[in-house]
Novice: 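Supplied in structure tokens, the structure appears directly below.
Lettering of chains follows the sequences in order, A, B, ..., and the numbering in each one begins at 1.
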Number of protein chains: 2
Amino acid sequence: MAADISSTSVPGTLSLRERKKLRTRAALVDTALALFTERGFDGVTLDELCEAVEVSKRTFFRNFASKEQVASAPLEALWNGLRDDVEHLAFGHVPVLEVLQEALLVALARMDDGGAWVTHVRRSRELAERTPSIAAYGLQYCDDTSAAIEEALQRRLGLDPADPRPRLALDLVVASFHAALRAWTAKPGAPTHAGLAAELRSVFAALPGALTFSMA
Amino acid sequence: MAADISSTSVPGTLSLRERKKLRTRAALVDTALALFTERGFDGVTLDELCEAVEVSKRTFFRNFASKEQVASAPLEALWNGLRDDVEHLAFGHVPVLEVLQEALLVALARMDDGGAWVTHVRRSRELAERTPSIAAYGLQYCDDTSAAIEEALQRRLGLDPADPRPRLALDLVVASFHAALRAWTAKPGAPTHAGLAAELRSVFAALPGALTFSMA
DNA sequence: AGGCTTATGCTCCTGAGTAGCACTTTGAGT
DNA sequence: ACTCAAAGTGCTACTCAGGAGCATAAGCCT
């Protein structure tokens, strides 16, 4: 899943084979999001998608585990980034919740290419909203990643595996991101990276109130 | 989805047709959980399941939207119960989070038949743990129900639809339940209803600490 | 009792996802 | 430079989930 640096002499440079594979993968994501957006997830068969990218179905399934995954790829990249970062977080004596919030903002900032990612995410999100199977896949991936992160937190913080607190803190951060994503997707106009980050900060700010507020 | 009282004179009594349908449904859930547990989710085809219950595949799909749903039925009943209850909650000036926690405990208590439900949940849970597609379906159903509950909360509390707090509070309650479920499933021995409720209370108690705790 | 509604069964069909085999490309050893 | 092993790719054939149309039977109302 994560790009790994291998056998080539210059670190950070990928072999021809690896670059080709990444290009194929990117082309599949790009074309899939375009076709799904245009004709709907169920209106596009895998055969059509593969034909458009000039790749066989076999190759598709070597890059993605399911039709749903190719539509969820942009957000998976974000969660993978967060998961990898947790390994190197400095915790000091700051509350874990705050460390995780900051880590998500950092992972999000890292996704800021020239706007390609943000455009993909917007499309992916809109598809998920009207396609239950995509939403289901995304939630499950998120849950899996959360379990992996929880495990890392337990290890790095020296906590009892039965302690529910790290997972709850993490789930709260994830729920905040989903809330931010919904709000951001609902906003009309061209999607921006800064806009998404702002929504996320705003939800984080509302979080303490979520625990204490009562009827107006 | 929810049992509705119809045309018969005595409220609470279902017509023969409706009772028969419910029996078929229950038989499908029961047999499905047994077969899936025995041979694995992918080791049982729908045709086999339908044959075992002596029902056609058409009938199966009139009762359930997918193979995954029949395995998730027990927990769906709980979420449906919570969703319906939210319509009649008294909020007073108690924090919404606490009202929701209490509501979930009440909905859970209502599931206490003689142990059949709890046995089904345990099996369903164990299946979900080793079958990603079941887990995905369950999370998506939960998310859908949460959206419906959020909508009800907005309406009943007179809140701005853009206010993220009710959904965050709800997500926290749901996350607590999932944590309790994981802990409960991990415990060996015969599953009990009281045990699950106790786990849930224990997670609720740990919740404030989840926001503030830092490295030991 | 008889007509109406609704569940059910049967059968055919599409498309996701898997597996086996042959072919090509790439990186490494000599 | 040449060769070989390893990995990626394409083709084909297969299983099974899930949906649609039409005919039948069971339960409901008058």
Side-chain angles (χ1 to χ4, degrees), chain A residues 1 3-11 13-28 32 35-36 39-72 127 131-134 136-137 140, chain B residues 1 3-10 13-28 32 35-36 39-72 131-134 136-137 140:
Chain A
M1 237 8 106
D4 55 346
I5 291 102
S6 65
S7 46
T8 38
S9 43
V10 186
T13 301
L14 299 161
S15 75
L16 179 59
R17 196 186 253 170
E18 282 158 330
R19 271 177 290 161
K20 223 173 147 180
K21 198 174 163 79
L22 283 184
R23 260 212 312 278
T24 302
R25 205 188 141 84
L28 279 168
L35 288 179
F36 293 164
R39 316 213 301 263
F41 184 71
D42 294 324
V44 181
T45 67
L46 277 182
D47 288 317
E48 288 170 331
L49 170 59
C50 290
E51 185 156 0
V53 186
E54 291 182 304
V55 142
S56 83
K57 213 160 58 160
R58 194 86 157 83
T59 300
F60 175 89
F61 280 107
R62 212 177 292 277
N63 282 279
F64 301 97
S66 69
K67 193 182 174 188
E68 283 76 20
Q69 190 182 24
V70 72
S72 309
L127 282 167
T131 314
S133 67
I134 298 181
Y137 176 86
Q140 208 273 334
Chain B
M1 236 14 101
D4 55 348
I5 292 103
S6 65
S7 47
T8 37
S9 42
V10 186
T13 301
L14 299 162
S15 73
L16 177 59
R17 193 186 257 167
E18 283 158 330
R19 270 176 293 161
K20 225 174 145 179
K21 197 174 164 80
L22 283 184
R23 261 212 312 279
T24 303
R25 205 188 141 84
L28 279 167
L35 288 179
F36 293 165
R39 316 214 299 266
F41 185 71
D42 294 324
V44 182
T45 67
L46 278 181
D47 288 317
E48 287 170 332
L49 170 60
C50 290
E51 185 156 0
V53 186
E54 292 183 303
V55 141
S56 81
K57 214 160 57 162
R58 190 88 159 84
T59 300
F60 175 89
F61 280 108
R62 213 178 293 275
N63 283 280
F64 301 97
S66 68
K67 194 182 175 188
E68 283 78 18
Q69 191 181 23
V70 71
S72 310
T131 314
S133 67
I134 299 180
Y137 177 86
Q140 208 272 332

Novice: Heavy atom of residues 45-54 of chain B under 4.0 Å from DNA chain C: which residues?
Specialist: Glu54(B)

Novice: Once you round it to whole Å, what is the distance between P of dG9(C) and CG of Asn63(B)?
Specialist: 10 Å

Novice: Check Ser66(A) against Phe61(A) and note the closest heavy-atom contact, atom names and distance.
Specialist: CA-CE2, 4.2 Å

Novice: Evaluate the side-chain proximity of Asp47(B) to Glu51(B): yes if any heavy-atom separation is below 4.5 Å, no if none is.
Specialist: no

Novice: Rounded to the nearest 0.5 Å, what separation is found between the CD atom of Glu54(B) and the OG1 atom of Thr24(B)?
Specialist: 11.0 Å

Novice: Send over the distance from Phe41(A) CZ to dA16(C) P, rounded to a whole Å.
Specialist: 8 Å

Novice: For the pair made of CG in Asp42(A) and C1' in dA17(D), what is the distance, rounded to whole Å?
Specialist: 13 Å

Novice: Mind calculating the distance between NZ (Lys21(B)) and P (dA26(D)) to the nearest angstrom?
Specialist: 17 Å

Novice: Between the protein and nucleotides 19-22 of chain D, list the N/O to N/O atom pairs that are separated by less than 3.5 angstrom.
Specialist:
residue: dG21(D); atom: O6; partner: Arg58(B); partner atom: NE; Å: 2.5
residue: dG21(D); atom: O6; partner: Arg58(B); partner atom: NH2; Å: 3.4

Novice: If we only count heavy atoms from C-beta on, is the Asn63(B) to Gln69(B) side-chain gap below 4.5 Å?
Specialist: no

Novice: Can you see which heavy atom on Ser133(B) is nearest to which on Glu68(B), and at what distance?
Specialist: OG-OE2, 3.1 Å

Novice: dG18(D) C1' sits how many Å from Tyr137(B) OH, rounded?
Specialist: 14 Å

Novice: Just the rounded figure in Å: distance from P of dT14(C) to NZ of Lys67(A).
Specialist: 16 Å

Novice: Is any side-chain heavy atom of Thr131(B) closer than 4.5 Å to one of Phe36(B)?
Specialist: no

Novice: Starting from C1' on dA16(C), measure out to CD on Gln69(A) and report it in whole angstrom.
Specialist: 14 Å

Novice: Work out which heavy atom in Ile134(A) is nearest to a heavy atom in Leu127(A); give both atom names and the distance.
Specialist: CD1-CB, 4.0 Å

Novice: Between Thr59(A) and dG10(D), is there a contact of a side-chain N or O with OP1 or OP2 at under 4.0 Å?
Specialist: yes

Novice: Side chains of Lys67(A) and Phe41(A), heavy atoms from C-beta outward: is any pair under 4.5 Å?
Specialist: yes

Novice: Testing the basics here: between Ala52(B) and Leu35(B), what is the closest heavy-atom pair and its distance to 0.1 Å?
Specialist: CB-CD1, 4.3 Å

Novice: Take the protein atom CG of Leu22(B) and the nucleotide atom C1' of dG27(D), then report the distance between them rounded to whole Å.
Specialist: 15 Å

